[in-house]
Amino acid sequence: MPTLRDITGILEDAWTRLDEGADAPAGPAIYPFPGDVAGNDPALTGIHIANDVDPESVVPMFDRVSLISVAFPAFTDGRGFSIGRRLREAGYTGRLRATGPVLADQFRYLLECGFDEVEVPDALAARQPQEQWERAADAVTLNYQRGYAGRRNILEARREARGV
Amino acid sequence: MYSYDEFDERFVRERVAQFRDQVARRLDGSLTEEEFRPLRLMNGLYLQLHAYMLRIAIPYGSMNGRQMRMLGTIAEKWDRGYGHFTTRQNIQFNWPKLKDIPDILDALADVGMHAIQTSGNCIRNTTSDPFSGVATDEIEDPRATCELIRQWSSLHPEFTFLGRKFKIAVTGASSDRAAIRVHDIGIEIVKNEAGETGYRILVGGGLGRTPMIGKELRAFLPREELLPYLEACLRVYNMHGRRDNKYKARIKILVHELGIDTYREHVEAEYARIDRSNTAADMAEFARIAEQFAPPAYPELPEQSAIFERALKAHPDFAHWVEQNGFAHRVPGFMAVTVSLKPVGGAPGDATSEQLRVLAEAAEQYSMDELRITHEQNVVLPNVKKDELFALWTLLKSQGLDAPNKGLVTDIIACPGLDYCALATARSIPVAQEISKRFSDPARMADIGPLAIKISGCINACGHHHVGHIGILGLDKAGVESYQITLGGDPANDASLGERTGPGFSYDQVPGVIETLVETYLGLREPRETFLQTYRRVGMAPFKEALYADAA
Amino acid sequence: MARAFRPVVLTANDLVEGDVVWWTGAVWSRDVSDAEVFDTPEAAEAAEAALNTPEHAACTVGIVRVEVEMRDGAPFPTLRREQIRAERRPTFDYLPTSKVSEAA
């Protein structure tokens with residue numbers, strides 16, 4: 001079983017991943033993109049996208065799903081960061097999941113790019129226990145980039161200090 | 001000079017603590033080497049042939065005496081008493097131990113320095129004109145823009161795991177001394193017709209395996225739009241740049257494959273989607289940074305200095321050094337000078353801890369506490385009173401820092417090469433040393449005139465050989481070092497890439513080959529014509545003939 | 001035609017110090033002349049496989065084979081790159097004068 005976590009800690013994964021063309025189960029299920037999800041209950045519907053999918057093509061599905069999972073095939077392949085950011089900028093407000101062998105050291109960046117949760121394979125989770133993810137999330141508490149959620153923004157802090 | 005505020009300081013300290021933790025997690029097995037490697041690289045730490053190598057950022061090449069002195073201390077305390085200035089305004093230490101790196105980083109933080117993003121597939125140290133702030137042809141000091149980019153690019157949540165490294169250079173002058181045309185993004189500070197200051201943006205330049213000259217992406221970008229626009233450029237690259245082949249992963253390949261017009265359309269579409277007001281730095285922030293680069297309080301001095309004139313007459317060596325290494329300053333009575341780190345037979349760009357300390361002292365006493373590092377691997381003292389130039393020269397001379405060869409045949413750029421570098425295929429530094437010894441006669445050097453020899457020890461081109469007037473590329477041919485020669489490259493405004501002369505030469509042949517090329521030029525040149533001008537006029541044929549005639 | 005097999009040794013860098021190290025058959029040595037020489041591809045493969053353990057990954061980086069020839073009865077690399085590694089220093093006088101005696 002892969003490990004799912006968000007900023008609050010390790011989570012039970014209520015979602016079932018479906019293969020292409022598989023029958024829908026009773027509970028919440030993640031369909032491979034583009035997925036035939038018309039008529040589904042959005043609350044029970046998620047999709048999984050590869051990291052070469054154009055985020056624009058996912059926009060029409062925003063109100064049909066409550067979870068989008070983005071593939072990170074390797075921790076060094078950072079396309080998913082931009083995809084997360086783009087989905088949020090396009091107005092997606094549901095749950096956003098990063099799926100793949102990402103490192104604890106990338107947790108903060110994922111959160112900042114709009115991800116809520118991270119699903120990592122077992123072997124990696126075993127080497128990097130929860131305590132390391134918690135530490136990594138708070139390792140650097142400031143950022144310089146405006147418009148990314150999470151850390152205290154240095155430019156805003158300076159603006160406040162100027163009394164604007 | 002920019003100094004850290006409380007936020008910059010805390011940010012860098014937290015990054016050091018984070019790296020200390022990453023080292024500990026590598027040692028306890030939480031991180032595999034495969035996972036640790038990209039993490040250490042993006043904090044400047046390589047594992048080279050003999051040892052770890054730590055590359056420290058000198059943002060836009062600008063530093064003060066205290067910082068330079070700390071580099072000397074680091075060299076002595078944690079390394080073997082010397083450092084190596086690189087072709088991207090960084091300094092490298094060749095022998096640190098992994099366990100000492102966090103302490104070195106803390107020592108750097110004490111003087112407002114770091115090693116963040118000096119390697120790895122992320123946005124690297126932003127480089128600039130070493131004469132920024134003092135050059136007579138400057139529209140605006142580019143360092144405020146550089147510092148804005150430095151901050152924005154530091155630990156960027158979205159752009160820290162790019163397909164490949166990403167290098168940005170900025171110039172504020174009409175003469176390009178920052179090689180912006182061979183960077184992933186080159187930025188030129190310009191004025192539009194309305195007289196507003198903004199940016200001309202070039203993209204897709206670079207050296208390496210596939211050298212390319214950058215193309216114009218935007219003729220004029222208003223200042224306040226810089227960060228959101230860069231974000232659009234980077235996002236298109238991050239999402240569309242190739243990931244299947246490391247050698248085709250730089251943005252120059254994306255721009256080349258799409259064509260500049262299509263890349264521009266992607267960027268403009270992305271830019272239209274970005275919430276600019278929520279991304280840009282406000283102009284008060286830019287002003288806060290720019291204020292720190294305000295010119296120092298220059299005393300009013302006459303343009304002529306009697307002390308200086310007397311010293312010129314009395315000391316021909318000094319006069320020669322001023323003539324060769326001096327650079328006109330925009331303020332009367334001042335001069336900028338290049339301290340050459342290319343003594344005859346030396347390792348290009350190397351400086352001992354004692355030399356680093358003398359440079360610190362020179363900056364504090366004679367250059368209003370400012371130093372610059374150049375991409376030619378030299379040091380500039382930008383603010384020297386003519387009255388004090390002779391005293392400065394005397395100090396520099398005491399440490400062998402008085403080589404009067406800026407821009408001459410012995411001012412050779414060389415990467416570390418196979419003597420240090422894990423990627424290298426051939427040696428660079430000893431080749432540079434042998435060439436330098438051949439041309440050690442000052443009169444001959446002066447007669448040859450401006451000539452940029454640039455040596456890379458592998459195809460990655462850290463020695464910028466593509467843009468050398470004479471470029472030397474060291475390769476491995478079945479276990480033997482072999483050197484390809486290119487002619488006619490140049491990184492400045494009319495940038496050009498060198499052309500190959502033909503088959504390569506052995507290690508031992510290279511100095512003789514350079515002699516032949518130089519002799520050929522001397523035989524062909526017209527009055528006051530430089531090597532590059534002669535080459536551009538006569539072309540490859542006579543040089544090729546001279547090199548290969550015997551073999552044919 | 002495949003190139004004839006030449007004797008090899010196994011080398012890496014020390015994780016903590018970064019130094020070049022050579023496998024002696026029992027420990028990692030700083031001196032190439034201590035290295036165990038493998039005369040057949042099978043012997044080299046077996047030794048490599050035996051070193052592919054978490055214990056060795058915890059103290060070394062990048063274990064690779066290097067071709068050697070015998071010089072005065074001891075192995076020495078055939079390639080320039082590995083010769084430079086084995087010498088543990090650049091091929092030119094790289095140290096500041098004040099440091100030469102310390103490093104010797």
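Chain identifiers are assigned alphabetically (A, B, ...) following the order of the sequence lines, protein sequences preceding nucleic acid strands; residue numbering begins at 1 within each chain.
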| For atom NE2 of B:His256, is the number of surrounding heavy atoms from other residues, nucleotides or ligands below 6.0 Å larger than 12? | no

| Part of B:Thr32 within contact of chain A (heavy atom distance under 4.5 Å) | both

| field | Under 4.5 Å from any heavy atom of chain B - which part of A:Arg108 | value | neither

| query | Using 30° and 60° as the class limits, which term best fits the ring planes of B:Phe161 and A:Phe75: parallel, tilted or perpendicular? | reply | perpendicular

| message | Less than 4.5 Å to any heavy atom of chain A: does that hold for the side chain of B:Arg150, its backbone, both, or neither? | response | side chain

| request: Carefully, step by step, assess B:Ser153 and B:Gln117 under the rule side chain to side chain donor-acceptor pair (under 3.5 Å). | output: CA-CA 9 Å; B:Ser153 61; B:Gln117 289 163 217; 4.6 Å; no

| field | Heavy-atom contact with chain A under 4.5 Å, split by part of B:Arg243 | value | side chain

| query | What part of A:Asp77 is in contact with chain B, defined as an atom under 4.5 angstrom from a non-hydrogen atom: side chain, backbone, both or neither? | reply | both

| Plane angle bin for A:Phe81 and A:Tyr109 - parallel if under 30°, tilted between 30 and 60°, otherwise perpendicular | perpendicular

| Is it the backbone or the side chain of A:Leu124 that comes under 4.5 Å from a heavy atom of chain B, or both, or neither? | side chain

| query | Contact part of A:Tyr148 toward chain B, heavy-atom cut-off under 4.5 Å: side chain, backbone, both or neither? | reply | side chain

| request: With a 4.5 Å cut-off on heavy-atom pairs, point out which of A:Gly78, A:Ala104, A:Ser82, A:Cys113 contacts chain B the most. | output: A:Ser82

| task | Check whether B:Leu162 gets within reach of chain A through its side chain, its backbone, both or neither, counting any heavy atom under 4.5 Å. | result | backbone

| task | Compute the ring centroids of B:Tyr46 and B:Tyr52, then answer whether they are less than 6.0 Å apart. | result | no

| Which region of B:Asn121, side chain (C-beta onward) or backbone (N, CA, C, O), has a non-hydrogen atom less than 4.5 Å from a non-hydrogen atom of chain A, or is it both or neither? | neither

| Toward chain B, the part of A:Glu156 with a non-hydrogen atom under 4.5 Å | neither

| said: At a 4.5 Å cut-off on heavy atoms, which part of B:Arg288 comes close to chain A: side chain, backbone, both, or neither? | reply: side chain

| query | With a 4.5 angstrom heavy-atom cut-off, which part of A:Leu142 approaches chain B: side chain, backbone, both or neither? | reply | both

| said: Heavy-atom pairs under 4.5 Å with chain A: which of B:Gln18, B:Arg235, B:Met239 has the most? | reply: B:Arg235

| query | Is the CD atom of A:Glu131 crowded by more than 12 outside heavy atoms at less than 6.0 Å? | reply | yes

| message | Side chains of B:Tyr199 and B:Glu225: any donor to acceptor distance under 3.5 Å? | response | no

| NZ or CZ of B:Arg40 within 45° of B:Phe19 ring axis and under 6.0 Å | no

